[in-house]
There are 2 protein chains.
Amino acid sequence: MNTTRDQIIETTCELLETYGYYATGLNQILAKSGTPKGSLYYYFPEGKEELTSEAIERTGRRVAERIKHELSKIGDPGEAIRSFVSSIAYHVEASGFRAGGPLMIVAMETATSSERLNLACREAYHLLQQAFQEKLIANAFTEARAMQLAIFINASIEGGIILSRTSHSGDPLRNVAEMLGHLLNSLPRD
Amino acid sequence: MNTTRDQIIETTCELLETYGYYATGLNQILAKSGTPKGSLYYYFPEGKEELTSEAIERTGRRVAERIKHELSKIGDPGEAIRSFVSSIAYHVEASGFRAGGPLMIVAMETATSSERLNLACREAYHLLQQAFQEKLIANAFTEARAMQLAIFINASIEGGIILSRTSHSGDPLRNVAEMLGHLLNSLPRD
DNA sequence: GTCTATACGGTGATAGAC
DNA sequence: GTCTATCACCGTATAGAC
């Protein structure tokens, strides 16, 4: 794995999470990663869109893995998700409300303005939802019902991140954690 | 009410909803609203940030009013919110996935990069949550419990809008509508 | 492969005529 | 109050030396 190329993508992931696609400049990426501009177009000949697409793909894979890992630590799905969302609340606070929801801004900005980035975001979100679905299927939910719940879980968390980053408080996310925990516990299994 | 100034704000509201703060240019606002650049700085001497702040405030007031109006049409709060979220799904689809969640992109982009815009977004979200809370208080929930639910409702809807705009389908939002409807119906009143 | 210098367009903002 | 002309700057992207 080429470390220069890798470092560019890694830095891009971080900046996209905080600032989004349009507010993140290539100069900013190069300065933060310590790379000269010539290298960027050597590794990403199609420019910013190609680089961002790779960064989104990496973020999707990484977050999906983190979800699987976190949810595997607790058996009961309601308690596992409650605990997972609480850990996001802590993460958002610890970052000074600059992190959390690494796909969100790019997904919204490019939903109708870049087909390539829209596709990347769509596939990334699908990976996250499959990770939630997997946990639910393993706990007596049908595939269809599990996906329906996974989408709702994903939506609530993303919304909770918006409200927490905006209000500069982890409380909205902790509220989501409690609500999802109760909801999953009160649901009849299939 | 000055119509030139008003038209600038109105156009800004529309563009912010689709493109966000950083991708919306002043030239774009002026072209779409048919206003010369000189007028913009006459009405908004502090420039883009002042204009955006006013646009966010207007959007917050407008959406809060729409929530109150929609929720007043149906007595049962679960059914009222289910119906309201379904109407958002239709709205997002009808716009070609360019509209829905008019605060979201700006809120995320400016959470830690502009104190003024962060404050405007925070207050706007608070107005929406008060609108939901009001409906719940009128239906036998305590103030505190009603606000807790209002925040969760707000988060789920915002997240549902992200997923619908990203996947180019109203289905995630309709899923949120059903889930929130069932959740509110299954909750014990205080 | 890596780097510097630069092109070119668009950005937010300003000055000053009318 | 409204408009035009123009500013300085930064964005992405490219050319070409080494």
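Per chain, numbering begins at 1; letters A, B, ... match sequence-line order. Note that the coordinates shown come from a computational prediction; the quantities given were computed from them, not determined experimentally.
In this structure, H168(A) places its NE2 atom where more than 12 heavy-atom neighbours from other residues, nucleotides or ligands lie under 6.0 Å away. More than 12 non-hydrogen atoms from other residues, nucleotides or ligands lie less than 6.0 angstrom from CZ of F84(A). E10(A) CD: more than 12 foreign heavy atoms inside a 6.0 Å radius.
Remark: side-chain polar atoms of K37(B) are not paired, donor with acceptor, to backbone N or O of L26(B) under 3.5 angstrom.
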Acceptor/donor pairs from residues 89-105 of chain A side chains to any protein atom, 3.5 angstrom cut, sequence neighbours excluded:
{"residue": "E93(A)", "atom": "OE2", "partner": "G170(A)", "partner atom": "N", "Å": "3.0"}
{"residue": "E93(A)", "atom": "OE2", "partner": "R174(A)", "partner atom": "NH2", "Å": "2.7"}
{"residue": "S95(A)", "atom": "OG", "partner": "V92(A)", "partner atom": "O", "Å": "2.8"}
{"residue": "S95(A)", "atom": "OG", "partner": "F97(A)", "partner atom": "N", "Å": "3.3"}
{"residue": "S95(A)", "atom": "OG", "partner": "R98(A)", "partner atom": "N", "Å": "3.2"}
{"residue": "S95(A)", "atom": "OG", "partner": "A99(A)", "partner atom": "N", "Å": "2.9"}

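In this structure, F44(B) reaches neither bases nor backbone, as no heavy-atom distance under 4.0 Å exists between it and the strands shown.
Atom CD1 of I8(A) and atom C1' of dT2(C) are 11 Å apart (whole Å). For the pair L30(A) CG and dG1(C) P, the computed distance is 19 Å after rounding to whole Å. Residue E50(B) contributes atom CD, which lies 11 Å from atom P of dA13(C) at whole-angstrom precision. Per the geometry, CG belonging to L40(A) stands 18 Å off P belonging to dA5(C), to the nearest Å. Separating the CG atom of L51(B) from the P atom of dG12(C) is a distance of 10 Å, rounded to the nearest angstrom. Note: CD1 (I29(B)) to P (dA13(C)) measures 11 Å, nearest angstrom.
Looking at E70(A) and S83(A), their side chains never bring a donor and an acceptor atom within 3.5 Å of each other. A donor-acceptor pair shorter than 3.5 Å can be found between the side chains of T35(B) and S33(B). A donor-acceptor contact closer than 3.5 angstrom links the side chains of S113(A) and Y22(A).
For R122(A) against T166(B), the heavy-atom pair with the smallest separation is NE-O, 3.2 Å.
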B/S/- contact track for nucleotides 10-15 of chain D, protein heavy atom under 4.0 Å: -SBBB-
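For the pair Y42(B) and dC3(D), the criterion of a side-chain N or O lying under 4.0 Å from OP1 or OP2 is not met.
Of the residues in residues 107-120 of chain A, not one places a heavy atom less than 4.0 Å from an atom of DNA chain D.
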